[in-house]
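No hydrogens, no waters, no symmetry mates; every other heavy atom, side chains included, goes into these values. Every chain is numbered from 1, with letters handed out A, B, ... down the list of sequences.
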Amino acid sequence: MSINLRDSGATLWANANKWQRYLIAGAVILAVFALPLLEGTFLNTPSTPFEMVLFYPIGVYVLMALGLNVVVGKSGLLDLGYVAFYAVGAYTAGILSMHTKLNTWEILPIGIALAMLSGLVLGAAVLRLRGDYLAIVTLGFGEIIRITALNTSAVGGANGITNIPNPPTTFGLKFDLDHPRSFYWIVLILIILTILVIRGLSVRRPGRAWESIRQDEDVAELMGVNTYKYKLWAFIFGASVGGAAGVLFASKAMFIAPNIFSYNVSILILAFVVFGGMGNIWGVVVGAVLLSYIPEKIRFISDARMLIFGLVLIIMMNLRPDGLLPRKKREKIGVAGEKSK
Amino acid sequence: MSNQPVLELKNLTMQFGGVKALNQVNLQVNRGEICALIGPNGAGKTTVFNVVTGVYVPTQGEILFNGKSLKGKNRHNITKMGIARTFQNVRLFGEMTSLENVLTATDVHSKSGLIGSMFTTPRSRREERAGREKAYEILEFIGIDHRADQLAKNLPYGDQRRLEIARAMGTSPEIILLDEPAAGFNPSEKKALAELIVKIRDRGYTVLLIEHDMSLIMGISDRVAVLDFGEKIADDLPSVVQNNPKVIEAYLGVPADAS
Amino acid sequence: MDFSVLTDQFASLTFDGIALGFIYVLIALGYTMVYGVLRLINFANSEVFMLGSFATILVSTKIFNYTIESDPITGFKLVYTLLAMLLGSMIVSGLVSVLIEIVAYRRLRSRTSNRLTSLISAIGVSIVLTEGVRIATSSAPMGSPRLLDKITLVTIWGADIRLDTLLVIVFAIILLITLDLFVNKSRLGKGIRAVSMDYDTSRLMGINLNKVISTTFLIGGLGTGAAAFFYITVYEMTRFSIGFELGLAAFTAAVLGGIGNIRGAFAGGIALGLIEMYASAVLGTQWRSITAFVILILVLLFKPNGIFGESLQQARV
C-alpha cells in the first residue's frame, strides 16, 4: 500500500505543470505549518502537549534524520556517532550563552560552523577507512565527545549547562515555554530548507557522486569521482544539519547535559532513516515522524522505545532493506526519453 | 597513423607476495590505434589495466601517459587526465539510470562542486545541461539511447556491456581500456561490437583491448601484444603474432599451468 | 597528571593490566574469528559478553542460592560452583552467539552482499539485547556474591598477586592454548581457516559454510562467555550497559593486534589492558573508557593492519 502511495504521489507530481506544482507544494507546506492548531484533537499526546511534541522530538528528529540520510542513505557511510554533531551544536549554544550576550540566531551560524568543522576533522581522519571500521570509529568519536563533556567542569560536567536563554522575540513571534509553536515553525523552516538543498544536490553532480560511492566506491573512483572529497562533503553537510538541530534544541530546552547525547540518539536517528527508506527524503521524513510520534502517543511504548527501534533495524534489514518508501525507481520516461521520440 | 605514443609501460613489474603478476613489461600504445592485449588466463592482462588506472602501485617500472609519469597520481586524477576503462565483470551503478551512469563520468571535467550545486550557480546550471547533452549524445553513439532512463541493473546483458563503454567514454578519455567487452556475446553481437570499437577508434580515441576472441581481435586490431605468465612474449601486427611459435605454445602448450 | 602513581604502583598496575588484558583477549576472539570468516564486525558480540556476565551471577544466585551477603566458600564446593558458573556463562554466550548469527546474518548472507545491511541488522540485535536486559533489570546493576576469597598469595615488588586475578590468567591461558590447538589441528578448525583465507573457493571445495560459520560464532561466544565469568570473578558487578563498555575495548584489542588474527588478538588484548591501567592511573579513572577509543582511532589511522598483525591479505586466523 505504501508503495502505491509513493507512486501515486510521484505520478501526481510528474504530471503537474509548474503552477500546479507550486500550488501543491504551497498547500502542503501551509497544512504542515498549521499542525499546531490540531492541539486538543485526536492527535493529542498524553504526557506532553502536542505543540511541544511537534518541535521535540518530531521536528528536531526529522531534521537530524535528513542530515544523517545524506551520510548513510545517499553515500552509504555508516555513521554511528551522529549525535556528536548534535552535541557540538547544543554545547556551542550553551557555552556561548554562558559567556557572551549572543542570541540564538547569532549563535546558530556559529554552532553550524563548529559542527561542520568537527565533521571535517573527524571525516578527514576516518573516511579513508572501510565501511565497518568507519561505523565503529564514528561511534567512538561520539563517545569521546560525550565523556569529555562529562568530565569537563567548565561545561558543567555531569550537571550540564542550565539557564540557556530562549531565542529573542522575532517578527512578533515569542519564543518561550508558553509559545512552543514558534519553535516548531523555526525547525520546520530549517527542515524545508534542508529538503530543498538535498533535492537540489541529489539531481546534480554531488548527488551522483554520493550515489556512485554508495553503490561501488572503487568504480566511482575509477570513473573520476573524487570519492574522498565527496565523502567528506557528505559528512560535513550531515554535521551542519546536526549542529543546527543541536542549537535549536538547546535554546528550547534551556538545559543540556552529557547524558542527552548518548549513543542511543545516534541509533534512534539511524532507525528513522532505515525505517523510512535509506536515501529517500520523503521516506526518511515519514519514518522520523512516525517513529518519534508513536512513543509519545502510546505511553507504555515510551520505556521500550529503544527496544522497538532495535527491532525495527533487524526487521527492516531482513524483510524490507529499502525501507517503507524505497528510493524512487526512475523507470518512467523522463526528459531524455522525451527527447528521443 | 602517427607513431606518437599515448601510453607507455616501461619495465613494469607487479609483484604480489612471491608472485610476479607482471615482469618487466614494456608496451607502447600509439595514438589512434586499436591495440589488443591477449594471453592465457592469469597472464596478467587485467593487472596491466589495474596498474595503469592506479588500482595497484607497480613494484617497479613506470607508466607514461603522453610522456608524463603517472607515478603517485590518484585514481580519479588518472581518469581525469584521460584514461578510462571498463571492467571484466560488468560493474555499473545498478541503481542509477543509464544516463546517470554516463553523467557520473562526464562530471569529471565539471568545475562546479557542492557549493555551486547547492546555490544553483549559472555555471552549475550550464555544466549540468552540457553534461546531459553530452551523455545523451554518447548513448546515441553507442546505440543505447532508448535505454537512457532505465536503471542500469534492468538493462539486458549486452546493453550493460555497451553502457560500460559509454560510461568510460563519458570521462572524455584519450585512451579507453576495454576489458573483455565481448565476453558472453554471440557471434552477431560480437560482430556489432567489433564495428563499434572501430567506430570508437575512428572518433579519435585510442583503444587498448583485452579480448579472448581471436577472430574479433585479428579483424580489428592494428597491433597485438601477447602476455604469458606476466611477461610480454610478442608484440606485432596481428598476422605476424598469429604465426609466432611462442604465442602458439603459450596458448596450446604446457596447459597444466596455463590457468 | 600524576606520574608518581605510575611509578609507585607499576608492578600492581601491570599485574591488573595483564588480567584485564586476558579478559579482552577472550572477548576479542568473538570479533576476530567472525571477522576472519565473514569480514564483518560482529557488532552484537558485546551483548554476548553482557548476557554471559548476567548468566555467571544468576548461576550462583539462582541455582546455588548464594546471596550478595554470602561468605566466601572453599574447597571442593568452591571448585564445582565456580566451574558451574563458568560453564553456565559459556553455554549461554555460545548459544546466544549462534542465535545472533542465525537472526542477524544468515538470511542476509544468502540474499545480499550489501555489508551495510548486515551491519545495521547486527546493531539492531545489539540494541534489542541491551534494552531487553535494561528493562528486565530496571537499569539496576547486579552484584555478584563473593564466593572466591580474594586472598593475596604473594607480594612482588609491592604488587599483591591476588588469587582471583591469578586464576583469570591461568584459566585464560589454558583456554587460549586449547583454542589454538583446535583451530590449527581439528578438521572444523581447518575449515574455519580455509573459509578465512578464501570464502568463495572454500564453498566450491565443498566446505559446509553454514556449519563452519556457526562453529566460528560458537567458539567466539564460548570465549566471550569465559571472559564474562572472569570479569565477574574480578569485578563482581554487571549491568545492562557492560557490553557497550567492554565490547568496544575488546574490539579495539582485536584491531590493535590485527583483526582476523587470533594470536594478534592475544597481543592486542594484553597491550590494551596494560595501556588502560597505566592511563587510568595517570589521567584518572573517569578517562579510562576514552583510552580505548583514542587508541582505536590512532591505530586505524596509522596502522590499519594492527601493530602486531600480519597483513590482512595473508595468514589470517
Query raised in the report: Which bit of A:F309 is near chain C, if near means a heavy-atom gap under 4.5 Å: side chain, backbone, both or neither?
Result: neither
Query raised in the report: What part of A:A304 gets closer than 4.5 Å to chain C, counting heavy atoms only: side chain, backbone, both or neither?
Result: both
Report task. Answer with side chain, backbone, both or neither: which region of C:I120 has an atom nearer than 4.5 Å to a non-hydrogen atom of chain A? Result -> both
Interface residue of largest heavy-atom contact number with chain C, from [options], under 4.5 Å:
options                        : value
A:L150, A:I267, A:I136         : A:I136
A:L77, A:I315, A:L80, A:V274   : A:L80
A:N151, A:L313, A:I147         : A:N151
A:N318, A:I144, A:V137         : A:N318
A:V312, A:L270, A:T148, A:N264 : A:T148

Distance-only, no hydrogens or angles: does the [X] side chain make a donor-acceptor pair with backbone N or O of [Y] under 3.5 Å?
X      : Y      : value
C:S97  : C:F217 : yes
C:N45  : C:G247 : no
A:K231 : A:L127 : yes
A:S75  : A:V70  : yes

Report task. Could you have a look at C:L296, C:I297, C:I135 and say which one has the most heavy-atom pairs with chain A under 4.5 angstrom? Result -> C:I135
Requested in this report: Count the heavy-atom pairs under 4.5 Å between each of C:G132, C:G124, C:S126 and chain A, then report the option with the highest count.
Outcome: C:G124
Query raised in the report: Any side-chain donor paired with an acceptor under 3.5 Å for A:E221 and A:T227?
Result: yes
Query raised in the report: If you measure from the Lys or Arg side-chain nitrogens to the Asp or Glu carboxylate oxygens, is any gap between A:R208 and A:E211 under 4.0 Å?
Result: no
Query raised in the report: Going by the angle between their ring planes, with limits at 30° and 60°, are A:F141 and A:F85 parallel, tilted or perpendicular?
Result: tilted
